[in-house]
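Bear in mind the structure is a predicted one, so any value in this text is a computation, not a measurement. For the numbers below, each heavy atom of this structure counts, side chains included, while hydrogens, waters and symmetry mates do not.
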Amino acid sequence: QVLLVESGGGSVQAGGSLRLSCVASRYSDSIKFMGWFRQAPGKEREGVALLDMYNFTTLYADSVKGRFTISRLNGQNTVYLQMNNLKLEDTAMYYCAATYKYYSTLRTTDFSYWGQGTQVTVSS
């Protein structure tokens, strides 16, 4: 099955930037959608960004539009989440996810494969 490994998390001051990376392996060529999700303590996991791996269309949560960008490294099994103008409310564990589904949204139930997570902490 697909193996996903995230990296790039860390601590940053509000207004700063981070870039998260997700490397996919094991049958990764069959992935149709990849996404980034986040979960803060005591809260449900929420979708952040979605990328169609074939036509490269994207979908973002309203809370991150204009600040976050999901992209794919051409020719590589790597997806990025560029996070700019970070806010305190962006603090969470960020997870990379993948699915073979023909159609997907930012719902967690649309995804079957998950990475281990990388922590992002934004401070004032």
**OP:** Following the transitive rule for hydrophobic clusters with a side-chain heavy-atom cut-off under 4.5 Å over Ile, Leu, Val, Met, Phe, Trp and Tyr, establish whether F33 and L3 coincide in one cluster.
**Re:** no

Original post:
Are V64 and L106 grouped together when hydrophobic residues (ILVMFWY) are joined by side-chain heavy atoms under 4.5 angstrom apart?
Top reply: no

Subject >> Listed partners of D29 passing side chain to side chain donor-acceptor pair (under 3.5 Å), at least two apart >> reply: none

Original post:
Under the side chain to side chain donor-acceptor pair (under 3.5 Å) rule, what pairs show up with a residue in residues 39-50, not counting sequence neighbours?
Top reply: R38-E46, Q39-R45

**OP:** Apply side-chain contact (heavy atoms from CB on, under 4.5 Å) to M83 and L18, showing your working.
**Re:** CA-CA 5 Å; M83 305 184 293; L18 285 174; 3.7 Å; yes

**OP:** Scan N85, T58, L86 and name whichever one has a side chain to side chain contact (heavy atoms under 4.5 Å, CB included) with F68.
**Re:** L86

Please tabulate, for side-chain N and O atoms in residues 4-16, each donor-acceptor pair with protein atoms closer than 3.5 Å (sequence neighbours left out).
{"from": "E6", "atom 1": "OE1", "to": "Q116", "atom 2": "N", "distance (Å)": "2.9"}
{"from": "E6", "atom 1": "OE1", "to": "Q116", "atom 2": "NE2", "distance (Å)": "3.3"}
{"from": "E6", "atom 1": "OE1", "to": "G117", "atom 2": "N", "distance (Å)": "3.0"}
{"from": "E6", "atom 1": "OE2", "to": "C96", "atom 2": "N", "distance (Å)": "2.7"}
{"from": "E6", "atom 1": "OE2", "to": "G117", "atom 2": "N", "distance (Å)": "3.2"}

**OP:** With sequence neighbours excluded, tell me which residues meet side chain to side chain donor-acceptor pair (under 3.5 Å) with K65.
**Re:** D62

Original post:
For the residue pair F111 and G35, what are the closest heavy atoms and their distance?
Top reply: CE2-N, 3.8 Å

Original post:
Between G47 and A61, which heavy-atom pair has the shortest distance, and what is it?
Top reply: O-CB, 3.4 Å

**OP:** Name all pairs fulfilling the ring-ring contact (aromatic ring centres under 6.0 Å, His included) condition that reach into residues 79-104, sequence neighbours left out, sorted by first residue then second.
**Re:** Y100-Y113

**OP:** Locate the shortest heavy-atom distance separating Y54 from S30; write the atom from each residue and the value.
**Re:** OH-O, 4.0 Å

**OP:** Please report the C-alpha distance between M53 and M34 in whole Å, then the side-chain angles of each, then the deciding distance to 0.1 Å, and finally whether the side-chain contact (heavy atoms from CB on, under 4.5 Å) criterion is met.
**Re:** CA-CA 7 Å; M53 301 295 283; M34 293 189 69; 3.7 Å; yes

**OP:** Taking all non-hydrogen atoms of both residues into account, name the closest pair between L50 and I70 and its distance.
**Re:** O-CG2, 3.7 Å

**OP:** May I have all residue pairs that pass salt bridge (Lys or Arg N to Asp or Glu O under 4.0 Å) and include part of residues 93-103, sequence neighbours excluded?
**Re:** K101-D110

Original post:
Partners of S17 by side chain to side chain donor-acceptor pair (under 3.5 Å), sequence neighbours excluded?
Top reply: N84

Original post:
Using links of under 4.5 Å between side-chain heavy atoms of ILVMFWY residues, direct or through other members, which residues join V23 in one cluster?
Top reply: none

Original post:
Which residues pass the side chain to side chain donor-acceptor pair (under 3.5 Å) test with R67, sequence neighbours left out?
Top reply: D90

Subject >> Residues that N55 engages under side-chain contact (heavy atoms from CB on, under 4.5 Å), provided they are two or more places apart >> reply: D52, T57

Subject >> Criterion side-chain contact (heavy atoms from CB on, under 4.5 Å) on T118 and L20, from CA distance to verdict >> reply: CA-CA 8 Å; T118 184; L20 307 183; 4.0 Å; yes

**OP:** Find out if a path of hydrophobic residues (ILVMFWY) with successive side-chain heavy-atom gaps under 4.5 Å connects V79 to V120.
**Re:** yes

**OP:** Can you see which heavy atom on T99 is nearest to which on S112, and at what distance?
**Re:** CB-N, 4.5 Å

Original post:
By side-chain contact (heavy atoms from CB on, under 4.5 Å), which residues pair with T69, not counting sequence neighbours?
Top reply: Y60, Q82

Subject >> Minimum heavy-atom distance S21-W36, with the two atoms named >> reply: O-CH2, 3.6 Å

Original post:
What about W114 and V48, same hydrophobic cluster or not, with Ile/Leu/Val/Met/Phe/Trp/Tyr joined at side-chain heavy-atom distances under 4.5 Å?
Top reply: no

Original post:
Looking at CZ of R72 and CG of L51, how far apart are the two atoms once the value is rounded to the nearest 0.5 Å?
Top reply: 7.5 Å

